[in-house]
Amino acid sequence: MPDVVFSVDQAKSMRDQAVPGHNRWHPDIPAAVTVQPGSSIRVECREWTDGQIGNNDSANDVRDVQLDGCHMLSGPIAIEGAEPGDLLVVDILDLGPVPQEVGDAPGQGWGYTGIFAKQNGGGFLTDHFPDAYKAIWDFSGQKATSRHIPGVSFTGITHPGLFGTAPSAELLARWNARERALIATDPDRVPPLALPPLENAVLGGTAEGDLLAAIGRDGARTVPARENGGNHDIKNFTRGSRVFYPVHVPGAMFSGGDLHFSQGDGEITFCGAIEMGGFIDFHVDLIKGGMQTYGVTTNPILMPGNVEPRYSEFVTFIGIGVDHETDTNLYNDATVAYRNACLNAIEYLKKFGYSGPQAYLLLGAAPIEGRVSGVVDIPNACCSLYLPTAIFDVDIRPSASGPVAVDRGGCAVST
């Protein structure tokens, strides 16, 4: 087994670990450990909310989740000899839930998918589903099933939602400036357009005092993907993947977490994957001067692994860039097109007995495929959503006999 370079006791908050992690991006967060290029390492991770979500039948915990302290990241891991302009080469050797443990923390035999309330994070379809809902998933090997969404079983594409390198001070300042400018265009929007630095609930690894205060004052929140990598939520970033991260600071300062047992393309409920804690094994190396050599000026490069489940039959839903509620044509709007594809899939699944929230949760968690199918045929962008038929216990393909609605119970709801 690779050396464990960042360990986590799942019975404790990330704040109470022997070496705590962090929840902001900042160049001055102290390294938790230093490793050599060419090393194989194991990193243990807490679930992204630090255990705020329970294995129960209420979504009140999702409704009330405290987001100021999220995500909880393991690291930073310094790579000896890494310099700005290099590429950090990261191979995923293995990953999964907490090994051989059953318990109260997500990842100890179970995980969850949440629809976040519009007032607290929202999601891709938040105007259609403004309230909080939750589904608990049980793990059996590579399979996931849920008492809250009965009648489905699927093989997960286990992956980390979030890993990245630390930004330089200059890059961090650019992030903060452009995101504040975006917020200023509609400062009272719910949910907000972006999340600026926030001193409340900041965790900066072993940083204390003035340094911790500076991390809270200027550190970037970890919700979006940025030039350093970050919260990509790419479901095919799994075993066998190789990622080339740009290095912006000495040591690269590699961190991450937000492990997922499974996810559909888009992670559409915001907390749309099956969230868990667990472990991830990496091999790390460097390409000196690799950013200039390969023309990497902003974001990482990914070579996906080849271990995804091989579903071969799909029912595919299509969406176009039109606001159907107001009958307004938008110009090449792929976001609206994919939103419409998701809504079309939900309406279809309701005919088989699933509630809207159940269908929405399923599309976030199951290994659906989302595709940008056309962005050149003005004015309507076209996106498509591929839903595997084999994950259902009934035949969901359209036929002359029509759909058979079955009582599917309900997901966890908030009061």
Side-chain angles (χ1 to χ4, degrees), residues 113-119 121-133 135 149 152 154 182 186 189-193 223-225 232-236 262-273 311 313-389 391-392 396-399 402-403 405 408 411:
T113 302
I115 296 173
F116 272 41
K118 185 174 182 177
Q119 298 295 327
F124 193 50
L125 307 179
T126 195
D127 290 334
H128 299 268
F129 298 92
D131 299 319
Y133 299 89
I149 311 177
V152 294
F154 52 81
L182 175 61
D186 190 359
R189 185 179 184 271
V190 177
L193 289 170
V223 171
H232 282 133
D233 290 318
I234 299 171
K235 77 175 192 296
N236 298 93
S262 180
Q263 182 200 295
D265 282 333
E267 199 190 11
I268 59 174
T269 74
F270 177 57
C271 190
Y311 293 110
E313 293 188 5
F314 304 87
V315 175
T316 301
F317 302 89
I318 295 168
I320 58 175
V322 172
D323 183 336
H324 294 295
E325 292 187 354
T326 62
D327 208 27
T328 301
N329 228 121
L330 304 168
Y331 182 80
N332 270 358
D333 194 322
T335 300
V336 170
Y338 193 53
R339 184 175 291 126
N340 284 334
C342 294
L343 290 169
N344 290 341
I346 288 170
E347 287 303 310
Y348 185 88
L349 289 172
K350 286 163 69 174
K351 298 296 184 181
F352 293 85
Y354 292 101
S355 69
Q358 283 178 311
Y360 186 18
L361 287 161
L362 176 60
L363 296 181
I368 66 167
E369 296 182 15
R371 301 181 186 179
V372 178
S373 302
V375 289
V376 295
D377 298 318
I378 61 173
N380 290 342
C382 177
C383 289
S384 48
L385 184 157
Y386 288 64
L387 180 62
T389 59
I391 71 175
F392 295 91
I396 67 161
R397 295 173 298 179
S399 68
R408 300 293 183 180
C411 59

Residue pair [X] / [Y]: nearest heavy atoms and the distance that separates them:
{"X": "C271", "Y": "T113", "result": "O-CG2, 3.4 Å"}
{"X": "I268", "Y": "Y338", "result": "CG2-CE2, 4.1 Å"}
{"X": "V375", "Y": "N332", "result": "O-ND2, 2.9 Å"}
{"X": "A337", "Y": "A381", "result": "CB-O, 3.6 Å"}
{"X": "A334", "Y": "C383", "result": "O-SG, 3.4 Å"}
{"X": "G264", "Y": "I368", "result": "CA-CG1, 3.5 Å"}

Main-chain N/O of [Y] paired with [X] side-chain donor or acceptor, under 3.5 Å:
{"X": "E267", "Y": "A273", "answer": "yes"}
{"X": "T269", "Y": "G114", "answer": "yes"}
{"X": "S262", "Y": "A365", "answer": "yes"}

Please name all residues satisfying salt bridge (charged side-chain N to carboxylate O under 4.0 Å, His left out) with [X], sequence neighbours left out, ordered by chain then number.
{"X": "D333", "value": "none"}
{"X": "D127", "value": "K118"}
{"X": "R408", "value": "D393"}
{"X": "R397", "value": "E313, D395"}

Residue pair Y133, Y360: steps toward the side chain to side chain contact (heavy atoms under 4.5 Å, CB included) verdict:
CA-CA 10 Å; Y133 299 89; Y360 186 18; over 6 Å; no

Kindly indicate whether the side chain of F154, heavy atoms from C-beta on, has any atom under 4.5 Å from the side chain of P388.
no

Kindly determine whether I346 and Y354 satisfy side chain to side chain contact (heavy atoms under 4.5 Å, CB included), including the steps that lead there.
CA-CA 9 Å; I346 288 170; Y354 292 101; over 6 Å; no

Only counting residues at least two apart or in another chain, list the ones meeting side-chain hydrogen bond (donor to acceptor under 3.5 Å, both in side chains) with [X].
{"X": "Q263", "result": "H159, H260"}
{"X": "N344", "result": "none"}
{"X": "D265", "result": "K235"}

Could you give all pairs that pass the salt bridge (Lys or Arg N to Asp or Glu O under 4.0 Å) test and reach residues 363-382, with sequence neighbours left out?
E369-R371

Tell me, which pairs form a salt bridge (Lys or Arg N to Asp or Glu O under 4.0 Å) where one or both residues lie in residues 314-330, sequence neighbours left out?
none

Between [atom1] on residue [X] and [atom2] on residue [Y], distance to nearest 0.5 Å:
{"X": "L387", "Y": "I396", "atom1": "CG", "atom2": "CD1", "result": "4.5 Å"}
{"X": "L385", "Y": "N340", "atom1": "CG", "atom2": "CG", "result": "11.5 Å"}
{"X": "S384", "Y": "F314", "atom1": "OG", "atom2": "CZ", "result": "11.0 Å"}
{"X": "D131", "Y": "Q119", "atom1": "CG", "atom2": "CD", "result": "10.0 Å"}

Who pairs with Y348 by ring pair (Phe, Tyr, Trp, His ring centres under 6.0 Å), at least two apart in sequence or on another chain?
F317, F352

Those residues at least two apart in sequence (or on a different chain) that pass side chain to side chain contact (heavy atoms under 4.5 Å, CB included) with K351 are P403

Of all residues at least two apart in sequence or in a different chain, which pass the side chain to side chain contact (heavy atoms under 4.5 Å, CB included) check with I320?
V322, H324, N380

Look at the aromatic rings of F270 and F116 and report parallel, tilted or perpendicular, splitting at 30° and 60°.
perpendicular

Test side chain to side chain contact (heavy atoms under 4.5 Å, CB included) applied to F392 and L362, step by step
CA-CA 11 Å; F392 295 91; L362 176 60; 3.8 Å; yes

